> 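Quick one: structure below, then a few questions.
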Amino acid sequence: MMAKLFRAVIMGPPGSGKGTISERIAQSFGLKHLSSGDFLRENIAANTEAGVLAKTYIERGLMVPDHVMTRLLLPRLEEMTRHSWLMDGFPCTLTQAKALNSTCDLDLVISLNIPYETLKDRLSDRWIHPASGRVYNMGFNPPRVQGRDDLSGEPLIQHDNDQPEALVARLRHYKDVAKPVIDLYKSKGILHTFSGTETDKIWPYINSLLSTKIPSRPETDTQHIPLP
Ligand SMILES: Nc1nc2c(ncn2[C@@H]2O[C@H](COP(=O)(O)OP(=O)(O)OP(=O)(O)O)[C@@H](O)[C@H]2O)c(=O)[nH]1
Ligand SMILES: Nc1ncnc2c1ncn2[C@@H]1O[C@H](COP(=O)(O)OP(=O)(O)O)[C@@H](O)[C@H]1O
């Protein structure tokens, strides 16, 4: 019998560890990790209409408008009716959350609550491989060769957006737009908030929460490998 499908969203300010934790969840529980940033980069690389439009905003450090995000992401989610997934980076706004609501029922929302000083330290030390979106942190998960992506060997870059001056504005913006989304999920009783300064300390709590919600590893594209 097919395991029940499971749909989750992970929210948090820039640098809160959504990508890092999503990878761990995907590995441990077999959910597909969907990332709004990755979808956007794929569309930009493929020169789709939405990708060309999105690029003009991202290049200026702005959020992509809601109607572009929903036009891009909802059809992809509709294709995933047979999969369990974890979405990272979407929804960001109440309009996006309402659009997602009309497409599927979420089982769980993880919200990461990380102090500003911690975000500032992490992001000022974040290096990115622009083509793939892979992220490194010089202390936490450094690349094998300094300044180079582990898989492609291509140079890593830093975003101006990650520097403290830009970060303050991004965080303020995040707080404003995320608050009604968090309130919505709280009122639905599916919000779980995790606070802390280290991903490795937060992870066991998320892991044990998900273990109570996902009794067996759901169907995946890959071969079914029993967990130890
Ligand atoms: N020092 C430290 N760095 C961490 C920790 N967890 C994640 N990082 C690093 O912090 C940076 C941000 O983590 P991400 O997983 O990219 O965070 P995100 O929430 O997906 O960020 P955005 O894509 O900006 O929304 C990356 O460089 C990570 O390697 C931690 O516990 N300690
Ligand atoms: N849900 C969303 N709504 C609007 N814009 C988004 C959304 N998700 C991603 N973006 C845009 O794509 C960019 C890249 O996203 P992402 O890879 O998550 O990294 P970051 O948030 O660190 O910039 C964002 O800066 C933003 O411009």
Side-chain angles (χ1 to χ4, degrees), residues 9-26 33-45 50-51 53-74 76-77 86-100 110-143 149-150 156-163 166-167 169-171 173-174 176-178 181 194-206:
V9 158
I10 184 162
M11 301 182 59
S16 55
K18 298 181 294 294
T20 307
I21 289 172
S22 297
E23 283 303 322
R24 293 187 188 186
I25 294 175
H33 173 202
L34 309 174
S35 146
S36 60
D38 287 349
F39 276 129
L40 287 166
R41 281 182 282 276
E42 277 167 30
N43 275 269
I44 291 169
L53 190 57
K55 190 173 177 207
T56 62
Y57 291 89
I58 295 174
E59 278 175 348
R60 287 178 285 153
L62 300 173
M63 284 180 71
V64 177
D66 289 335
H67 69 276
V68 180
M69 291 307 296
T70 51
R71 202 171 73 205
L72 201 70
L73 284 180
L74 297 187
R76 292 292 290 267
L77 293 182
L86 169 71
M87 175 63 95
D88 154 18
F90 180 92
C92 257
T93 66
L94 191 57
T95 307
Q96 293 178 11
K98 286 181 175 165
L100 180 60
I110 293 169
S111 170
L112 301 176
N113 181 21
I114 313 295
Y116 169 72
E117 280 304 316
T118 305
L119 299 174
K120 193 181 73 175
D121 290 348
R122 282 184 193 177
L123 292 182
S124 58
D125 222 6
R126 172 157 80 169
W127 290 79
I128 294 169
H129 177 237
S132 66
R134 273 186 288 277
V135 292
Y136 300 88
N137 175 280
M138 287 311 150
F140 183 66
N141 60 336
D149 177 49
D150 284 352
L156 302 177
I157 60 152
Q158 280 196 295
H159 274 324
D160 290 346
N161 234 355
D162 281 347
Q163 294 313 306
L167 184 62
R170 283 169 79 202
L171 287 180
H173 187 246
Y174 172 80
D176 292 346
V177 293
V181 181
F194 298 87
S195 306
T197 56
E198 286 171 58
T199 295
D200 287 345
K201 292 204 173 138
I202 291 176
W203 169 241
Y205 293 97
I206 296 181

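This is a predicted model, so every value here is computed, not measured. Each ligand, and each atom within it, is numbered from 1 in the order the structure gives.
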> Do R170 and D162 sit within salt-bridge range, that is, some charged N less than 4.0 Å from a carboxylate O?
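Yes, this pair counts.
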> Check whether any side-chain heavy atom of D200 sits under 4.5 Å from a side-chain heavy atom of R24, and report yes or no.
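D200 reaches R24 side chain to side chain.
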> Go through the steps for R76 and L34 under the test side chain to side chain contact (heavy atoms under 4.5 Å, CB included), then give the verdict.
CA-CA 10 Å; R76 292 292 290 267; L34 309 174; over 6 Å; no
> Could you list the atoms of ligand 1 found under 4.0 angstrom from a heavy atom of E198?
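Matching atoms, with element in brackets: 31 (O).
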> Do any heavy atoms of G15 fall under 4.0 Å from ligand 1?
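It does, in that a heavy atom of G15 comes within the 4.0 Å cut-off of ligand 1.
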> Hey, does the side chain of K18 reach the backbone of G12 with a donor-acceptor pair shorter than 3.5 angstrom?
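A pair under 3.5 Å: yes.
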> Atom OH of residue position Y205 - does it have more than 12 heavy atoms of other residues, nucleotides or ligands inside 6.0 Å?
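No.
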> Provide, to 0.1 Å, the distance between atom 9 (C) of ligand 1 and the closest protein heavy atom, together with that atom's residue and name.
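Going atom by atom, the protein heavy atom closest to atom 9 (C) of ligand 1 ends up being N137 CB, 3.8 Å.
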> Heavy-atom contacts under 4.0 Å between S22 and ligand 1: side chain, backbone, both, or neither?
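Within the 4.0 Å criterion, S22 makes no contact with ligand 1.
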> Could you check which of T199, T197, L123 puts a non-hydrogen atom nearest to atom 6 (N) of ligand 1?
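Considering heavy atoms of T199, T197, L123, the nearest to atom 6 (N) of ligand 1 sits in T199.
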> Using a 4.0 Å cutoff against the non-hydrogen atoms of P13, which atoms of ligand 1 qualify?
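Checking each atom against P13, I get 19 (O).
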> What protein heavy atom sits nearest atom 3 (N) of ligand 1, and how far away is it?
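Heavy-atom neighbour on the protein nearest atom 3 (N) of ligand 1: F140 CB, 3.2 Å.
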> Determine the sole option in L72, L100, I10 for which the side chain to side chain contact (heavy atoms under 4.5 Å, CB included) test with F90 is passed.
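Result: among L72, L100, I10, L100 is the only option passing the side chain to side chain contact (heavy atoms under 4.5 Å, CB included) with F90.
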> Can you tell whether the side chains of D149 and R134 come within less than 4.0 Å, N to carboxylate O?
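R134 and D149: salt-bridged.
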> Which residue and atom name correspond to the protein heavy atom nearest atom 10 (O) of ligand 1, and how close is it?
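Scanning the protein heavy atoms, the shortest distance from atom 10 (O) of ligand 1 goes to R122 CD, 3.3 Å.
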> I need the H129 NE2 to D150 CG distance, nearest 0.5 Å.
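Going from NE2 on H129 over to CG on D150, the span is 10.5 Å.
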> Just distances here: any N/O of G17 and N/O of ligand 1 closer than 3.5 Å?
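Yes: some nitrogen or oxygen of G17 is under 3.5 Å from one in ligand 1.
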> So which protein heavy atom does atom 29 (O) of ligand 1 come closest to, and at what separation?
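Checking every protein heavy atom, the shortest distance to atom 29 (O) of ligand 1 gives N141 OD1, 2.7 Å.
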> Do any nitrogen or oxygen atoms of S16 lie less than 3.5 angstrom from nitrogen or oxygen atoms of ligand 1?
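Yes, there is a polar N/O contact under 3.5 Å.
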> Taking 4.0 Å as the limit for heavy-atom contacts, which would you say applies to K18 with ligand 1: side chain only, backbone only, both, or neither?
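Both backbone and side chain of K18 come within 4.0 Å of ligand 1.
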> At under 4.0 Å between heavy atoms, is it the side chain or the backbone of T20 that contacts ligand 1, or both, or neither?
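Contact part for T20 vs ligand 1: both backbone and side chain.
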> Quick one: is the NZ or CZ of R60 closer than 6.0 Å to the six-membered ring centre of Y57, and within 45° of its axis?
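R60 over Y57 ring: yes.
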> Would you mind running through ligand 1 and noting each atom that sits below 4.0 Å from a heavy atom of V135?
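Matching atoms, with element in brackets: 16 (O).
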> Suppose we measure from atom 27 (O) of ligand 1 to each protein heavy atom; which comes out shortest, and what is that distance?
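Its nearest protein heavy-atom neighbour is Y136 O, 3.1 Å.
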> Looking only at N/O atoms, are R126 and ligand 1 under 3.5 Å apart anywhere?
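Between R126 and ligand 1 (N or O atoms, distance only) the closest approach is under 3.5 Å.
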> What residues come within 4.0 Å of ligand 2, counting heavy atoms only?
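Lining ligand 2 at under 4.0 Å, by heavy atoms, one finds S36, G37, L40, R41, I58, L62, M63, V64, M69, G89, F90, C92, Q96, R126, R170.
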> Considering only protein heavy atoms, which is closest to atom 20 (O) of ligand 1, and at what distance to one decimal place?
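Nearest neighbour among protein heavy atoms for atom 20 (O) of ligand 1, to 0.1 Å: G19 N, 2.8 Å.
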